[in-house]
Number of protein chains: 2
Amino acid sequence: MALPRSEEKRIALLESAADIMAAQGLGASTASIARGAGVAEGTLFRYFATKDVLYNALYIHLKLDLAAALRQHMAAHDSVEDQVHALWDAYIDWGVSNLSFFKTLNQLVVSDKVTDETRCTVASQLSDIKCVAQACSDNNGLSALPGGFADAVFMALAETTIQFVVRDPANGQAYKSAGFRVFWSGSVR
Amino acid sequence: MALPRSEEKRIALLESAADIMAAQGLGASTASIARGAGVAEGTLFRYFATKDVLYNALYIHLKLDLAAALRQHMAAHDSVEDQVHALWDAYIDWGVSNLSFFKTLNQLVVSDKVTDETRCTVASQLSDIKCVAQACSDNNGLSALPGGFADAVFMALAETTIQFVVRDPANGQAYKSAGFRVFWSGSVR
DNA sequence: AGTCCTGTTGTGAGTACTCACTCATTAATT
DNA sequence: AATTAATGAGTGAGTACTCACAACAGGACT
């Protein structure tokens, strides 16, 4: 072996993809993604055999980045409410300060380019966070509903909240606590 | 004048566009949309000069269809809560029974293909419905927040609820009322 | 009625362009 | 020198959009 394939370039490509897809949608061209990463278009295809492979790698990269941010703020709390609230704040903060990651991730989540296999792989690596979500679900009125509804409501409210915090940062804290109140006092029975 | 340009074909094109875009995204080809409407590709461009014109016409068509559905269920109610609840149910029902309309509309709403002018035009035709939304906003804890947050929360929750009702119709009613409870008891102070 | 005339709609092969992806060549490292 | 990474013009498929022509519906005149 002569040259090692550089992890740096891989990451530069992923972050360029996130930035450009946030602005132009998932249809952003591979040419512009490569240019944004400062490499030739052919190089992109050395790291990701097809664009679909890139989509899936990007989904994993973004989810793990989010998970790392959440874990930093998952100290033990007295009540379930405090714990979920900490998760909420961490999630909103991540979205606001990594806006293009957040936007692109939201597009990938609803895209059929990301395979079920990829989703499963990621989910299994996030089991510790799912744990907290489960504790929350078990303690509120949504637990009676088939799986995932509480999660989905959490995500939907967070997405909306992040949009408003970004659009009007002066009221950021107000949106953040209002959003959490809707989720919490709305779902606790 | 010889042949009147048929309103039927215009509508067939719009509905075909909604169906195909719901499945394939806004990038669906004009060729497939025309085929779905049973006309030649050139015909599409007689009715809509460019694809962007089609996007805007489709946005208007879908919004007005939704508004018509909502108006049918806007009888006067005793309390603001009942009124908003009726609006909620009507919205969920429309989304569930016009799923491709709903999906495509959600894509158009966040797309930059739809001009601000189009959005304004539609908004002015929906002033009566906005009225109820306003009454709701004035009566709950979100009214203190800068405009649109309560609306956005309503829409986000409705979108999530519709997804779950469609995925698991047996529990449809449960999702529907749980979703409303999150919105209402979460936002009333 | 029948037949031309006129103006409009409907058509689909054709055009210019963009895209994801390839591959012969060059650059870099051991 | 040997081996592999990096490059970017090139390829074929697919895109939105065009245009010369065919199909058609009236009105006017035998």
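Note on naming: letters A, B, ... go to the chains in the order of the sequence lines (proteins, then strands), and numbering restarts at 1 for each one.
Proximity note for Tyr47(B) (side chain, C-beta onward) versus dC21(C), dG10(C), dA16(D): the nearest is dG10(C). Closest to the Phe45(A) side chain, of the nucleotides dG10(C), dC21(C), dA6(D), is dC21(C). Here the nucleotide nearest the side chain of Arg46(B), chosen from dG8(D), dT9(C), dC21(C), is dT9(C).
Near DNA chain D, meaning a heavy atom under 4.0 Å from it, residues 14-30 of chain B has Ala28(B), Ser29(B), Thr30(B) in order of number.
Nearest heavy-atom pair, Glu41(A) versus Ala31(A), reported as atom, atom and distance to 0.1 Å: OE2-N, 3.7 Å. Minimum heavy-atom separation, Lys113(B) to Tyr55(B): CB-CD1, 3.6 Å.
Here dT18(D) presents its C1' atom at 10 Å from CD of Glu41(B), a figure rounded to the nearest Å. Taking atom CG of Leu13(B) as the reference point, atom P of dT11(C) lies 10 Å away to the nearest angstrom. A straight line from CD of Glu7(B) to P of dG10(C) spans 12 Å, rounded to a whole angstrom. Taking atom NZ of residue Lys51(B) and atom C1' of nucleotide dG14(D), one finds them 12 Å apart after rounding to whole Å. Rounding to whole angstrom units, CZ of residue Arg10(B) and C1' of dT9(C) are separated by 16 Å. Remark: C1' of dG8(D) and CG of Leu44(A) are 13 Å apart, rounded to the nearest angstrom. Taking atom NZ of residue Lys9(B) and atom C1' of nucleotide dT9(C), one finds them 8 Å apart after rounding to whole Å. Distance Tyr55(B) OH to dT15(D) P: 12 Å, rounded to the nearest Å.
Using a 30° and 60° split on the angle between ring planes, Phe154(A) and Tyr91(A) fall in the tilted class, from 30° to 60°. Between Tyr175(B) and Phe149(A), the angle of the ring planes lies from 30° to 60°, which puts this pair in the tilted group.
Atom CG in Asp128(A) sits 5.0 Å away from atom CE in Met74(A) (nearest 0.5 Å). Note that NZ of Lys103(B) is 11.5 Å distant from CD1 of Ile162(B), once rounded to the nearest 0.5 Å.
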Self-check item: Intermediate values then yes/no, side-chain contact (heavy atoms from CB on, under 4.5 Å), Asp89(A) and Phe180(A)
Solution: CA-CA 9 Å; Asp89(A) 282 348; Phe180(A) 180 73; 5.9 Å; no
